[in-house]
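The block underneath contains the structure these notes are about, expressed in structure tokens.
In listed order, ligands and their atoms are each counted from 1.
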Amino acid sequence: MKIFSGTANKPLAESVALALGLNLSPLEIYTFPDKEKRVRILDSVLGVDTVVIQPTATPGNEYYLELFLMIDALKRSGAKSITAVIPYFGYQRQDHIFRDGEGVSLEMVITLLQALKVDKVISFDFHAERIPELFNIPVTPLSALSLFAEQIKQEKLDTADAVLVSPDMGGIRRIKILAELLNNMDYVVLEKDRDLATGEVTTASLDGNIKSKRQAILVDDMISSGGTLIAATNLLLKKNIDKVYVFATHAVFAQGAPEVLQKSALARVFVTDTIRVRTSRQFPKLTILSIAKQLANEIKQSCQ
Ligand code: R5P
């Protein structure tokens, strides 16, 4: 088996390769003056099972195209199989038509991957449970929830005085799984409204009872603008919660999200390294947990 990485998250790909006792295989990604790219595989892959690691967060358009170019180059070089590891799967939120006239970006990306004859996809914490079913090829949906449960135990957060909170109805399944991993911890689900044109979170309201808990652990699949978490935190603080922690798998961190999160009333923010957060965008309240070992175990079991 040989592992290749695009430019989106080389540190993660290196950790995965290390955990597998391998080095990343060499490839060249050349950018022409007009910003088009050319990929060249610099290793022999004829008859070899290959894995290509590339999350597709900002700039998602560019990282997707780079991924497609890598897959095409591996295919033309005779790879026996190609597993696309897309730890953060960009464009998944447009998974249906919200308003007349829109397309379904998720289905378009799936069509492209399948047209390129990818054999298998591995990803983390899809936005919706049904997403793997939309593919005609095998998809392994991994989750960071067990990593979060371990961290919550390690941090010795007082789970008896805390409630797990999903910031929207879409996160119900996620919150139930985490609650079970933490000895049936109490949980509540918030209702969220979003302006479909701007994406701005307009309101959050509580559907459930936080009893007399003083701490809240917000759990989400991703943080983009931070708007969802800020709206949820403001609501929880009004309900006598005095400390709010966040556990979210994907640090999409659009625009000024790091500053917004650092300045917010949140106590701490835990994310994973599915997406690379450059040092310049890290902030004191942030802790990054690594999914590398979990990913390496999956690759070991299923890709050779
Ligand atoms: C939405 O349903 C997702 O689960 C996240 O809550 C959302 O994408 C986060 O986006 P933002 O940080 O911009 O509110």
Side-chain angles (χ1 to χ4, degrees), residues 55-60 86-99 102 104-106 109 123-132 134 141-145 148 164-179 187-208 216-237 244-272 274-275 277 281-283 285-286 288:
T56 48
T58 324
I86 311 175
Y88 170 74
F89 201 97
Y91 281 101
Q92 61 178 303
R93 279 173 289 178
Q94 183 77 17
D95 60 355
H96 64 274
I97 293 174
F98 293 87
R99 298 174 304 168
E102 292 177 344
V104 184
S105 320
L106 170 65
V109 173
S123 189
F124 269 82
D125 287 322
F126 278 115
H127 181 59
E129 193 186 352
R130 70 183 189 100
I131 290 179
L134 302 175
L142 298 176
S143 171
L145 289 175
F148 290 166
L164 293 172
V165 183
S166 170
D168 54 39
M169 303 302 262
I172 288 186
R173 194 179 145 271
R174 214 171 288 131
I175 209 84
K176 282 187 178 169
I177 294 173
L178 189 58
Y187 65 86
V188 291
V189 177
L190 305 188
E191 277 189 48
K192 172 176 90 178
D193 282 324
R194 205 189 260 287
D195 181 320
L196 285 178
T198 62
E200 198 183 322
V201 178
T202 47
T203 54
S205 55
L206 181 63
D207 177 22
I217 302 175
L218 276 164
V219 184
D220 211 349
D221 56 337
M222 67 182 85
I223 306 174
S224 183
S225 66
T228 298
L229 295 176
I230 302 301
T233 304
N234 292 340
L235 178 76
L236 292 166
L237 293 175
V244 184
Y245 301 90
V246 167
F247 284 80
T249 307
H250 308 294
V252 176
F253 288 174
Q255 297 157 347
E259 292 76 19
V260 168
L261 295 167
Q262 177 60 28
K263 278 193 200 140
S264 74
L266 285 166
R268 297 190 52 196
V269 178
F270 294 84
V271 296
T272 77
T274 54
I275 295 170
V277 183
R281 307 206 75 212
Q282 294 179 16
F283 51 96
K285 288 180 183 176
L286 182 72
I288 303 174

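Distance from atom 3 (C) of ligand 1 to its nearest protein heavy atom, with residue and atom name: Asp221 OD1, 3.3 Å. In terms of protein heavy-atom proximity, atom 7 (C) of ligand 1 is closest to Arg194 NH2, 3.4 Å. For atom 14 (O) of ligand 1, the closest non-hydrogen atom on the protein side is Thr228 OG1, 2.5 Å. Of the protein's heavy atoms, Ser225 OG, 2.6 Å lies nearest to atom 13 (O) of ligand 1. Closest to atom 5 (C) of ligand 1, if we only count protein heavy atoms, is Asp220 OD2, 3.3 Å. The protein non-hydrogen atom at the shortest distance from atom 8 (O) of ligand 1 is Arg93 NH1, 3.2 Å. What sits closest to atom 2 (O) of ligand 1 on the protein, heavy atoms only, is His127 CE1, 3.1 Å.
Residue contact annotation: Gly170 has no non-hydrogen atom under 4.0 Å from ligand 1.
Separating the CD atom in Gln92 from the OG atom in Ser123 is a distance of 6.5 Å, to the nearest 0.5 Å. Taking CD1 of Ile230 as the reference point, atom OG1 of Thr228 lies at 9.5 Å (rounded to 0.5 Å).
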Report task. Under the side chain to side chain donor-acceptor pair (under 3.5 Å) rule, what do Thr249 and Asp221 come out as? Steps first, then yes or no, please. Result -> CA-CA 5 Å; Thr249 307; Asp221 56 337; over 6 Å; no

Requested in this report: Please report the C-alpha distance between Leu142 and Phe124 in whole Å, then the side-chain angles of each, then the deciding distance to 0.1 Å, and finally whether the side-chain contact (heavy atoms from CB on, under 4.5 Å) criterion is met.
Outcome: CA-CA 5 Å; Leu142 298 176; Phe124 269 82; 3.6 Å; yes

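With a heavy-atom cut-off of 4.0 Å, Asp168 touches ligand 1 through its side chain alone.
In summary, the aromatic rings of Phe270 and Tyr245 are positioned with their centroids too far apart to meet the 6.0 Å limit.
Within the 4.5 Å cutoff, no side-chain heavy atoms of Thr274 are placed close to those of Pro55.
The ligand atoms of ligand 1 that sit less than 4.0 angstrom from a heavy atom of Gly226 are 11 (P), 12 (O), 13 (O). For ligand 1, the atoms closer than 4.0 angstrom to any heavy atom of Met222 are 5 (C), 8 (O), 9 (C).
Counting heavy-atom neighbours within 6.0 Å of Gln255 CD, excluding the residue itself, gives a total of 12 or less.
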